[in-house]
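As structure tokens, the structure follows; a few thoughts come after it.
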Amino acid sequence: MIIEVENLKKSFGELNVLNGITTGINKGERIAVIGPSGSGKSTFLRCINRMEEPTSGVIKFNGEDITSESCDINLIRRRVGMVFQHFYLFPHLTVRQNITLAPVQLNIMNQKEADEKAKYLLNRVGLADKLNEWPDKLSGGQKQRVAIARAMAMNPEVLLFDEPTSALDPEMIGEVLDVMKELADSGMTMYLVTHEMGFAKEVADRILFIDHGIISEEGTPSEVFDNPKQPRTIEFLSKVLRR
Amino acid sequence: MTMNNKTRGDYFLGLCLIILIFLLYRSGFFTVEAWQNFVDHFYQNFIEKDRYMMLVKGLRSTIFMTLFATLIGVAVGIILSVIRVAHAGGIHIPVLNALADCYIAVLRGTPAMVQLLIWNFTIFASARDLNKMYIAILAFGLNSGAYVAEIFRGGIEAIDRGQMEAARSLGLSYGKSMRLVILPQAIRNVVPMLFNEFIVLLKETSVAGYIGIDDLTRAGQNIQALTMEHSQPLIMVAIIYLLIVMFLSYLVRRLEKYLSRSRRG
Ligand SMILES: Nc1ncnc2c1ncn2[C@@H]1O[C@H](COP(=O)(O)OP(=O)(O)OP(=O)(O)O)[C@@H](O)[C@H]1O
Ligand SMILES: [Mg+2]
């Protein structure tokens, strides 16, 4: 397993958001995380690269406990990419610079290698012509594709997606999902928090249904979507699938 | 909004003109013999023995002092603001943060002129050979830093938290994220306010004469002492300050417009 999570708990003050999550992801596996708003999906994802500090529990990356004092989280984050709902491209940098900033600054590549990588990745996400464009000249869908390329530039072993299409206009969702599908097909290990049930069903190997900070149901897409067992899952799915 | 700004600008110019006319009137510009008198005085004050050069040199000192004080202010301000923001953002630097708070409280809580006098007559009292200009630049620069720190803090806090998270998620350290991602955006946001700080300092340095620097204001006084003429030199000094400030304010407005047109990612 690339990532193992054991009894992960997270509270914000009085609010217990994660109440003991135990799960993991294998190399090449694609896991979709679904659940009601406020159930702790983002918090779960953000604990995995310690954007949020877990309150208790263990998270292991390739066997190393990343919650321990001795772990250099910056080294872990190089291997665990993250794609945000609101893209967060760096507006003062061009598309190329957005992609090459981290690999060059962290001495993983020199600028020339990173530029090549940027070209390759932009080609892959269908934005080869945007190499020297400024982020504010891009549409939402284009921004998100650049953000994915930026995360990919670090050659991560896992990608964490937190509702990557939720902030997009409907006509732009498809182009981003296509890119993610291509990544999935290429064998990328992915955690995907999403409200796109159709996409989750199509791409994911496993579905986690998180409710009130615990995984209340888990299984293959057909198990969870077609034969949900928990009443909460049934209720949730009936709500979102009716739309 | 633009319309409003424009009318405000017109009122402002009108007001300037009225003040100018009033000042000219006070220096006796509008009667025939007064006019002759004025011309004579003008000759004495500014032309004779190239006295206008005193003003030119004074202006040069004022601008030099202001420029370097602003640079020190910006450098100090960035450091102070980053300390405070980092502390608030969970980086463990309680001692540095307390020092920064203390610095800001003291330098903002006392008059710049008192600080200038303390630097000159207390801290550097024994440094007789030290160029007064350096003392003034230091005093005004460190004072300005306390204000610029607040400007930058606002500028940094205005940046979406997601920018820092995106940078950190790539494995960049807090320091690198701050330097490469947050500060460039924050600086860009506060450039107009830094120009304003320059304008404030330009006027603030007019007390530098108290430690013996022949800045623009002091140059006016020096001419006064030589020619025994009380109005013209200081009014000329005021006009020079006003023209510079108006020109810089105009630039700031242009800059703000330019920046607001090309923003956001
Ligand atoms: N930094 C924070 N401080 C305090 N409370 C927080 C913080 N982050 C999240 N929460 C709270 O934790 C709960 C879970 O949030 P989380 O973002 O993980 O939910 P989610 O499942 O991702 O929901 P959504 O589908 O709306 O994105 C919410 O009640 C939220 O208000
Ligand atoms: Mg969320």
Side-chain angles (χ1 to χ4, degrees), chain A residues 42 45-46 48-53 72-95 97-108 133-138 140 142-143 146-147 149-156 158-162 167, chain B residues 74 78 81-82 85-94 151-195 255-265:
Chain A
S42 298
L45 208 65
R46 290 161 57 79
I48 291 177
N49 65 349
R50 262 178 59 193
M51 280 291 132
E52 302 290 356
E53 289 295 332
D72 182 352
I73 192 61
N74 290 329
L75 292 180
I76 303 297
R77 285 178 182 154
R78 296 181 187 193
R79 323 293 318 135
V80 182
M82 187 168 228
V83 175
F84 302 82
Q85 183 176 356
H86 296 285
F87 337 124
Y88 299 133
L89 295 186
F90 308 133
H92 62 300
L93 301 177
T94 63
V95 165
Q97 292 165 331
N98 263 274
I99 296 172
T100 62
L101 179 74
V104 172
Q105 284 297 327
L106 297 173
N107 293 319
I108 292 166
E133 196 58 272
W134 293 97
D136 63 355
K137 296 283 185 300
L138 304 177
Q142 292 171 332
K143 281 182 194 169
V146 172
R150 179 176 68 181
M152 289 293 293
M154 296 296 294
N155 295 320
V158 184
L159 273 184
L160 311 176
F161 291 87
D162 191 358
Chain B
V74 169
I78 290 179
S81 63
V82 167
V85 170
H87 178 79
I91 306 293
H92 192 68
I93 40 169
I151 294 177
F152 267 104
R153 189 159 73 132
I156 292 172
E157 282 170 357
I159 309 289
D160 195 319
R161 277 183 54 214
Q163 290 288 317
M164 176 58 91
E165 290 192 348
R168 297 303 307 273
S169 79
L170 292 162
L172 294 168
S173 64
Y174 183 88
K176 275 199 166 159
S177 305
M178 185 53 88
R179 187 162 56 79
L180 299 166
V181 173
I182 306 300
L183 280 181
Q185 297 180 59
I187 289 174
R188 186 190 150 99
N189 287 347
V190 302
V191 161
M193 279 184 276
L194 295 181
F195 266 79
L255 196 66
E256 273 172 343
K257 241 186 213 160
Y258 171 77
L259 286 177
S260 69
R261 230 183 294 138
S262 57
R263 195 165 283 178
R264 283 285 83 185

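So you know, we letter chains A, B, ... as the sequences are listed, proteins then strands, and number each from 1.
- Residue pairs meeting the salt bridge (Lys or Arg N to Asp or Glu O under 4.0 Å) criterion with at least one member in residues 78-92 of chain A, sequence neighbours excluded, are A/Arg79-A/Glu157.
- Neither the backbone nor the side chain of A/Val83 comes within contact range of chain B; no heavy atom of the residue lies under 4.5 Å from a heavy atom of that chain.
- Rounding to the nearest 0.5 Å gives a distance of 10.5 Å between CZ of A/Phe84 and CG of B/Asp160.
- By number of non-hydrogen pairs under 4.5 angstrom with chain B, the leading residue of A/Gln105, A/Met82, A/His86 is A/Gln105.
- Identified under the side chain to side chain donor-acceptor pair (under 3.5 Å) test for residues 161-175 of chain B, with sequence neighbours left out: A/Arg46-B/Glu165, A/Asn74-B/Arg168, B/Arg161-B/Glu165, B/Gln163-B/Gln185.
- Remark: the backbone N or O of B/Leu180 is paired with a side-chain donor or acceptor of A/His92 at under 3.5 angstrom.
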